[in-house]
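Right, one structure below, let's go through it.
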Amino acid sequence: MSLDGTYDEANIFALILQGKIPSTKLYEDEKTFAFLDIMPQTRGHALVISKWSKARNLLEMEDEALGEVMATTKKVATAIRKALNPDGIQIAQFNGAPAGQTIFHLHVHILPRWEGDPKGFTAHGAGAQADKDALAALAEEIRAQF
Ligand code: AMP
């Protein structure tokens with residue numbers, strides 16, 4: 001699946017929004033949802049999604065939904081900064097499989113970065129799932145900063 005296609009109501013992020021699979025929530029409002037990436041590429045790697053848009057990628061996204069997702073991205077990045085004190089924060093978003101997109105519900109990655117750490121990003125995920133309890137503890141630290 002690439003830039004063109006049909007929104008899959010059973011994609012992983014849709015299932016998270018429906019409460020059918022668990023996630024480590026950081027923030028939620030009426031329109032958006034933010035949670036920790038299950039295969040973090042840096043400590044505090046988070047994802048932000050729209051709760052209502054069926055856009056698979058940026059090219060399909062309603063301007064209103066984009067604005068909502070980016071406003072939440074800023075809020076979550078600010079909380080991550082307070083909690084984890086990174087030296088930089090990378091915001092990433094992929095469109096289509098050749099660009100590294102694996103889940104076709106638009107999402108924005110927030111990646112805190114530290115001086116001296118590797119800068120790379122592995123398209124198609126980091127490969128290893130984080131420890132569930134460690135993710136939960138980290139989420140608590142970040143949630144305390146909203
Ligand atoms: P992308 O490559 O931009 O489509 O990113 C998809 C991201 O979703 C990857 O970084 C995955 O590690 C992450 N991911 C996959 N499944 C889950 C899940 N159940 N909960 C949280 N993050 C997930």
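Just follow the structure's listing: the first ligand is 1, and inside any ligand the first atom is 1. Here the structure is a predicted model, which is why all the values come from computation and not from measurement.
Below 4.0 Å from some heavy atom of Phe35 lie the following atoms of ligand 1, by number and element: 21 (C). With ligand atoms numbered from 1 in the order given, ligand 1 contributes 8 (O), 22 (N) to contacts under 4.0 Å with heavy atoms of Leu47. Ligand 1 places these atoms under 4.0 Å from at least one heavy atom of Leu36: 21 (C). If you number the atoms of ligand 1 from 1 as listed, the ones under 4.0 Å from a heavy atom of Thr102 come out as 1 (P), 2 (O), 4 (O), 5 (O), 6 (C). Close approach of ligand 1 to His109 is summarised as follows: ligand atoms under 4.0 Å from at least one heavy atom of the residue are 1 (P), 3 (O), 5 (O), 7 (C), 10 (O).
The list of ring-ring contact (aromatic ring centres under 6.0 Å, His included) pairs with a residue in residues 61-85, not counting sequence neighbours, is empty.
For His107 and His109, the ring centers are positioned less than 6.0 Å apart. In summary, the aromatic rings of Phe94 and Phe104 are positioned with their centroids too far apart to meet the 6.0 Å limit.
Contact annotation for Gln41 and ligand 1: no heavy atom of the residue comes within less than 4.0 Å of the ligand. Contacts between Ile12 and ligand 1 below 4.0 angstrom, taking non-hydrogen atoms only, involve the side chain exclusively.
Judged purely by distance below 3.5 Å, without hydrogens or angles, the side chains of Thr32 and Glu68 never pair a donor atom with an acceptor atom. Inspection of the Glu9 and Asn11 side chains reveals no N or O donor paired with an N or O acceptor under 3.5 Å. Between the side chains of Glu30 and Trp52, no donor N or O sits under 3.5 Å from an acceptor N or O.
Side-chain contact between Leu111 and Gln41: present, with at least one pair of heavy atoms (C-beta onward) separated by less than 4.5 Å. Within the 4.5 Å cutoff, the side chain of Tyr27 has no heavy atoms near those of the Arg143 side chain.
Between His107 and ligand 1 there is a heavy-atom distance shorter than 4.0 Å.
Between Gly100 and ligand 1, an N or O atom pair is found at a separation short of 3.5 Å. Residue Pro22 places no N or O, backbone or side chain, under 3.5 Å from any N or O of ligand 1. Geometrically, ligand 1 and Gln101 share no nitrogen or oxygen pair separated by less than 3.5 Å.
With atom 8 (O) of ligand 1 as the reference point, the heavy atom nearest to it among Phe13, Phe94, Phe104 is part of Phe13.
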